[in-house]
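Have a look at the structure below, then the notes.
We use all heavy atoms of the structure for the numbers below, so side chains are in, but hydrogens, waters and symmetry mates are not.
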Amino acid sequence: MELFDKFKIWVLFILVIFELGHGFYLPGSYPHKYVVGDTLSVKVNSLTSIETEIPYSYYSLPFCKPQEGVKDSAENLGELLVGDRIENSPYRFKMYTNETEIVVCPSRVLSGEDFKILKERIDEMYQVNLILDNLPAIRYTKKDGYFLRWNGYPVGIKIQGKYYVFNHLKFTVLVHKFEETNVARVMGAGDSADMIPTDKKGSEIPGYMVVGFEVVPCSFKHDAAAMKNLKMYGKYPSGIKCDPTAVAMDIKENEPLAFSYEVAFVESDIKWPSRWDAYLKMEGAKVHWFSILNSLMVITFLAGIVFVIFLRTVRRDLTHYEDLDKEAQAQMNEELSGWKLVVGDVFRAPSYPSLLCVMVGDGVQILGMAVVTILFAALGFMSPAARGTLITGMIFFYLLLGIAAGYVAVRMWRTIYCGNHKGWVSVSWKAACFFPGISFLILTTLNFLLWGSHSTGAIPFSLFVILILLWFCISVPLTLIGGYFGAKAPHIEYPVRTNQIPREIPPQKYPSWLLVFGAGTLPFGTLFIELFFIMSSIWLGQVYYVFGFLFVVLILLVVVCAEVSLVLTYMHICVEDWKWWWKSFFASGSVAIYIFLYSINYLVFDLKSLSGPVSATLYLGYSLFMVLAVMLATGTVGFLSSFWFVHYLFSSVKLD
């Protein structure tokens, strides 16, 4: 009751905070107030394409550069790892001030190299990504009576062998009157003033918030003679008609290329907390949700049936065995086959015990990282508005959970060797280096490909050094600390003794590894639909945000992996196959094989436009990295649940 009363007090405290604050803004998500005439600066992100999946810097193309020079915005570790390079741009507006025919670059002659690279980026369908007040630019197109939403706009287009560039941009900025003045006054904002402006009487000057950012790209041929005397941000003497359905500016080598823009401010009913809704809309959402929920219901139903049948079978065996006297039990052991006959071998040390302990320890670390990260994302701390926080959070939690990896690996090692703690330092080191080492090898290989392509997706050398320091200065020591506690903790004692001579395993009707391979289909059925949305988010540039539902799917996946591994372990020991250790791991870990096959299917049928061996290698490399992490996490769930079951099963009856 005391614990329940404390829980009620905490709930009441949180509700009071919400009520007093009249709302709640997560870190980095509070609104910015702009007074009429304040400068709004547009930023640029990396150029992206679903044709190549290789990002490039915005200024790798002959675009206009700002007067003050190119400057990188504040970036976190996650942004750098995913290839985001956010920089300032020459596009700047004044709040609630409409402007037209603003020239950014009066004239720039295309060199042969610029002309060549511009044609390549147009052929590869690269998109320009602009950002205003942390909102990406949206482009709307109409097709068959429907409006389609796109992030960014294409560099250009190729028509009848000619290349046209979109050199005039029509911006529309949606604004809403500033409301939460109390929050803004206290919290401030990164890009805005530290204090709210006031007039001479001390009252606050009315301001606006940016709630939408739209762009319409046009191809317009400027008059070379009219551009001669113009400077940056000068006004083009004649009108510019922006028609997105027509193209005029075809690019040619050693000919001038000019850029211009216009901006219009429109007051909108969209409130600041809802300004990301336009980015999070999913076409056919009802169909997707129905399909996902239907799959969850089917998988839950099947898992429930398996679990009930399984419990009834084991309980019947135990009850029947315990009701017999000792003589009858001895006779039953001689006459019947089943799990009772492997009592002297079921806890015999597996082959490669050190590797198994290391993989289980790393699996606990990865699974814990996934659970905590998805939970924080579901609570809104890692929203799409905060770029890079998801990857940064994953790295932080992974490093922190090195303690769990070392503890589980060493304690499992001591259990296998009946309490002998010799060699725990070696096991801890292997746990600290196994998964990170393989990941480092994969990412380094892929990084050389990106370096060769001069992509912003390539991890800079300085960041490589930082990652190595995080690995050896934080992850390895924490894993060793966890291993120390695992060595000091009491090992799990086996309920039965192991015979000196191993029992011969009778020939099996079906290969046991065939059952292990087929067992992964049930866990795969719980996540393959959600996997489609995740893959689309990674490779097609869509925003993934249903982390609450993903958390439910993760919990369901853990339950199904545990049940599948339990069933297969019981089937193996029932046919006197006492080598269940590795099979229990791969019974649930085999779901990774199906995920990799699905990744290949996604590459062939959903990423048909992916061009070039470098792009395909990057895709398969990242898929292999993801599959390895999934195998370790799901395999660990299966092994630990099977270990608990076998220990419980043989400690439930008295066997000599």
Please walk me through it: do I50 and Q127 pass side chain to side chain contact (heavy atoms under 4.5 Å, CB included)? CA-CA 9 Å; I50 61 173; Q127 303 283 316; over 6 Å; no

Quick one: do V216 and C242 satisfy side chain to side chain contact (heavy atoms under 4.5 Å, CB included)? Show the steps, please. CA-CA 8 Å; V216 176; C242 182; 4.2 Å; yes

Between I102 and Y236, does a side chain to side chain contact (heavy atoms under 4.5 Å, CB included) hold up when you go through it step by step? CA-CA 6 Å; I102 303 298; Y236 190 68; over 6 Å; no

Which is it for T52 and Y126 under the side-chain hydrogen bond (donor to acceptor under 3.5 Å, both in side chains) test, yes or no, and what are the steps along the way? CA-CA 9 Å; T52 65; Y126 269 85; 2.6 Å; yes

Report the C-alpha distance between L540 and D606 in whole Å, list the side-chain angles of each, state the deciding distance to 0.1 Å, and finish with yes or no for side chain to side chain contact (heavy atoms under 4.5 Å, CB included). CA-CA 9 Å; L540 297 180; D606 292 278; 5.6 Å; no

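The shortest non-hydrogen separation linking M535 to S599 is CE-OG, 3.8 Å. Considering all non-hydrogen atoms of both residues, N88 and P66 come closest at ND2-CG, 3.4 Å. The two atoms that bring M626 and I595 nearest to each other are CE-CG2, 4.0 Å, heavy atoms only. Nearest approach of Y59 to P90, heavy atoms of both residues: OH-CD, 3.8 Å. When every heavy atom of L550 is checked against every heavy atom of E530, the shortest pair comes out as CD1-CG, 3.7 Å.
Taking CD from E87 and CD1 from I131, the interatomic distance works out to 10.5 Å, rounded to the nearest 0.5 Å. With rounding to the nearest 0.5 angstrom, the CG atom of L390 is 12.5 Å from the CZ atom of F376. Residue D38 holds its CG atom at 15.0 Å from OH of Y96, rounded to the nearest 0.5 Å. Note: M125 CE to L47 CG = 14.0 Å, rounded to the nearest 0.5 Å. Between the CG atom of L174 and the CG atom of D269 there is a distance of 10.5 Å, given to the nearest 0.5 Å. For the atom pair CD of E99 and CD of E262, the computed distance is 11.0 Å after rounding to the nearest 0.5 Å.
Proximity of K170 to Y261: side-chain heavy atoms (C-beta onward) are nowhere separated by under 4.5 Å. Contact annotation: the side chain of M394 never approaches that of L81 to less than 4.5 Å [non-hydrogen atoms, C-beta and beyond]. At a threshold of 4.5 Å between non-hydrogen side-chain atoms, the residues Y398 and P436 count as touching. Side-chain contact check for E53 versus L618: every heavy-atom pair is 4.5 Å or farther apart. F265 places a side-chain heavy atom less than 4.5 Å from the side chain of L40. You'll find the side chain of F213 reaches within 4.5 Å of the side chain of V173, heavy atoms only. In this structure the side chain of V128 never reaches within 4.5 angstrom of the side chain of L169, judged on heavy atoms. Under the 4.5 Å side-chain criterion, counting only non-hydrogen atoms from C-beta, V210 is in contact with M95.
With hydrogens and angles ignored, the 3.5 Å screen pairs no side-chain donor or acceptor of N167 with any backbone N or O of K221. One N or O on the side chain of T445 and one on the backbone of L441 form a donor-acceptor pair closer than 3.5 Å. For S274 (side chain) and I270 (main-chain N/O), no donor-acceptor pair under 3.5 Å exists by modelled atom type.
Annotation: W451, atom CH2; neighbour count of heavy atoms from other residues, nucleotides and ligands within 6.0 Å is above 12. For K235, the NZ atom sits in a packed shell: over 12 heavy atoms of surrounding residues, nucleotides or ligands are nearer than 6.0 Å. For F396, the CZ atom is loosely surrounded, since the number of other residues' heavy atoms within 6.0 Å does not exceed 12.
Ring centroid separation for the pair F166 and Y153 does not come in under the 6.0 Å cut-off. If you look at F171 and F93, their ring centroids are closer than 6.0 Å.
Using a 30° and 60° split on the angle between ring planes, H32 and Y34 fall in the tilted class, from 30° to 60°. Classification of the F532-Y602 ring pair by plane angle, with boundaries at 30° and 60°, yields perpendicular. Classification of the Y594-F524 ring pair by plane angle, with boundaries at 30° and 60°, yields tilted.
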Contacts table for residues 453-467: side-chain donor-acceptor under 3.5 angstrom, sequence neighbours left out:
| residue | atom | partner | partner atom | Å |
| --- | --- | --- | --- | --- |
| S453 | OG | L449 | O | 3.1 |
| S455 | OG | P55 | O | 2.3 |
| S455 | OG | G457 | N | 2.9 |
| T456 | OG1 | S46 | OG | 3.1 |
| T456 | OG1 | P55 | O | 3.4 |
| T456 | OG1 | G83 | O | 3.2 |

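Side chain to side chain, D123 and Y163 meet the donor-acceptor criterion of an N or O pair below 3.5 Å. No side-chain N or O of S111 forms a donor-acceptor pair with one of K116 less than 3.5 Å apart. A side-chain donor from one of N129 and T48 sits under 3.5 Å from a side-chain acceptor of the other.
Note that R92 lies in the cation-pi zone of Y233, set by a 6.0 Å cut-off to the ring centre and a 45° limit from the axis.
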